[in-house]
Protein chains: 2
Amino acid sequence: MAIEEKEPGFPFYVVSRLISQAYREPLQTLGLTYPQYLVMLCLWEKDGLMVSQIGEKLCLDSGTLTPLLKRLETMNLVKRERSEADERRVTIELTYPGRALQNKANALASPLDAVFEDWEEKERVVFQELMARIQDKLQSQP
Amino acid sequence: MAIEEKEPGFPFYVVSRLISQAYREPLQTLGLTYPQYLVMLCLWEKDGLMVSQIGEKLCLDSGTLTPLLKRLETMNLVKRERSEADERRVTIELTYPGRALQNKANALASPLDAVFEDWEEKERVVFQELMARIQDKLQSQP
DNA sequence: ATAAATTGAATTGTTTACAATTTAAAGTGA
DNA sequence: TCACTTTAAATTGTAAACAATTCAATTTAT
């Protein structure tokens with residue numbers, strides 16, 4: 001009896017890691033890891049987010065984000081600034097190189113394109129909906 | 001534009017982590033983390049595996065497994081032994097407590113049962129097949 | 001107004017994950 | 001036989017992930 005039959009969470013665990021691995025090489029062009037790339041996507045969509053706002057989007061806490069953001073700051077992609085209005089808050093703003101990197105990023109093809117290329121449109125939609133249902137359910141549980 | 005629309009890998013990344021989190025509490029009864037639990041599942045299915053065989057099943061390398069297995073050994077759940085026939089190999093065998101833990105494990109309900117409880121049987125099957133296709137494709141790529 | 005509770009980030013400590021390298025053993029070929 | 005390669009695991013170094021705690025700033029309730 002294979003493990004994926006015994007343990008329904010296993011496929012998610014493996015696929016998630018395979019995806020991170022698939023992104024490794026293309027993201028080297030940007031000098032980013034996959035989680036760092038996700039943070040940059042958040043900021044490219046909306047600059048100046050608080051740490052907690054990024055955390056909400058990505059389901060990550062400050063324990064993960066603080067060191068990650070410090071690394072992005074060291075790479076000169078973002079600036080971390082205490083909010084003047086509320087000194088508890090730390091606002092993350094893109095630097096010029098951070099903003100500029102979006103062009104390179106847009107030029108990258110997602111490694112997942114190849115994975116889904118032979119899927120019918122309907123299958124993709126169904127699958128996306130099911131994944132969303134799983135995520136919703138898991139987030140509503142705790 | 002939400003991140004899951006821009007980045008097709010994101011749902012896998014989040015769901016995988018949410019699943020690990022969902023397992024945290026129930027697995028505390030066993031004193032195991034989710035990856036440790038997966039390793040134990042492999043061994044309960046077939047005892048005496050080599051490190052590399054566990055790695056094949058779980059898509060993990062020795063860099064991850066060696067310290068994890070050392071922790072399981074410290075917990076007295078497994079024994080690590082150099083193979084006599086081939087001294088490069090390390091064989092992982094369950095201890096008596098390690099074998100005994102399977103009973104407790106079998107008694108646990110998967111936290112994912114609740115996630116899928118309101119799914120129709122057909123949906124589950126379709127979803128499983130699509131996940132398997134994704135995994136196969138990702139593994140055939142590199 | 002001020003003690004108590006809440007919030008936002010940072011910190012601490014442990015575990016995973018993985019690339020890259022190392023070490024030792026076993027297999028191969030000339 | 002003896003260099004050459006391959007294999008199996010361990011090691012090294014870096015980054016993520018997360019629970020638990022801490023710390024400071026802000027809210028709130030009295």
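We name chains A, B, ... by the order of the sequence lines, and we start the count at 1 in each one. Both backbone and side-chain heavy atoms feed into the values below; hydrogens, waters and symmetry mates do not.
To the nearest 0.5 angstrom, A:Gln139 atom CD is 5.0 Å from B:Leu18 atom CG. One distance of note links CG of A:Leu94 with NZ of A:Lys79; it measures 9.5 Å at 0.5 Å rounding.
The distance from atom CD1 of A:Ile19 to atom C1' of D:dA16 is 17 Å, rounded to the nearest whole Å. Nucleotide D:dA19 holds its P atom 7 Å from the CG atom of A:Asp61, rounded to whole Å. Atom C1' of nucleotide D:dA15 and atom CG of A:Leu60 are separated by 13 Å, given to the nearest angstrom. Rounding to whole angstrom units, CG of residue B:Leu68 and C1' of D:dA9 are separated by 15 Å. What separates CD of B:Glu73 from C1' of D:dA9 is a distance of 14 Å, to the nearest Å.
For the side chain to side chain contact (heavy atoms under 4.5 Å, CB included) with A:Val78, the qualifying choice from A:Glu93, A:Arg71, A:Met40 is A:Met40, the only one to do so.
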- request: Please lay out, stage by stage, how B:Met131 and A:Val15 fare under the test side-chain contact (heavy atoms from CB on, under 4.5 Å).
  value: CA-CA 8 Å; B:Met131 278 298 281; A:Val15 166; 4.0 Å; yes
- request: Dump the intermediate steps for salt bridge (charged side-chain N to carboxylate O under 4.0 Å, His left out) on B:Arg124 and B:Glu129, then the final yes or no.
  value: CA-CA 9 Å; B:Arg124 299 185 205 204; B:Glu129 283 169 356; over 6 Å; no
- prompt: Can you list the steps and then say if B:Arg80 with B:Glu73 is a salt bridge (charged side-chain N to carboxylate O under 4.0 Å, His left out)?
  reply: CA-CA 7 Å; B:Arg80 295 161 62 246; B:Glu73 189 173 43; 3.2 Å; yes
- request: Begin with the C-alpha distance, continue with both residues' side-chain angles, and end with the deciding distance and a verdict on salt bridge (charged side-chain N to carboxylate O under 4.0 Å, His left out) for B:Asp86 and B:Arg89.
  value: CA-CA 6 Å; B:Asp86 184 341; B:Arg89 301 181 178 187; 3.5 Å; yes
When you compare the protein's N or O atoms with those of nucleotides 4-8 of chain D, which come within less than 3.5 Å of each other, and at what distance?
from, atom 1, to, atom 2, distance (Å)
D:dT7, O2, B:Arg88, NH1, 3.1

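You can see that DNA chain C meets the heavy atoms of chain B within a 4.0 Å-exclusive cut from C:dT15 to C:dA26, reading 5' to 3'.
Remark on DNA chain C: of its neighbouring residues B:Glu87 and A:Arg82, the 5'-side contact belongs to A:Arg82, judged by nearest-heavy-atom nucleotide. Heavy-atom nearest nucleotides on DNA chain C were determined for B:Cys59 and for A:Thr91, and the one closer to the 5' end corresponds to A:Thr91.
Using a 4.0 Å heavy-atom criterion, one finds that B:Arg71 contacts the bases of the nucleic acid, with or without backbone contacts as well.
A single hydrophobic cluster is not seen to contain both A:Leu38 and A:Met50; linkage of ILVMFWY side chains at heavy-atom distances under 4.5 Å, directly or through other members, places them apart.
Non-hydrogen atoms lying under 4.0 Å from DNA chain C are contributed by B:Thr33, B:Pro35, B:Gln36, all within residues 28-45 of chain B.
Classification of the A:Phe127-B:Phe127 ring pair by plane angle, with boundaries at 30° and 60°, yields parallel. The aromatic rings of A:Trp119 and A:Phe116 stand perpendicular to each other, their planes meeting at an angle above 60°, with 30° marking the opposite boundary. The aromatic rings of A:Tyr23 and A:Tyr34 are tilted relative to each other, their planes meeting at an angle between 30° and 60°.
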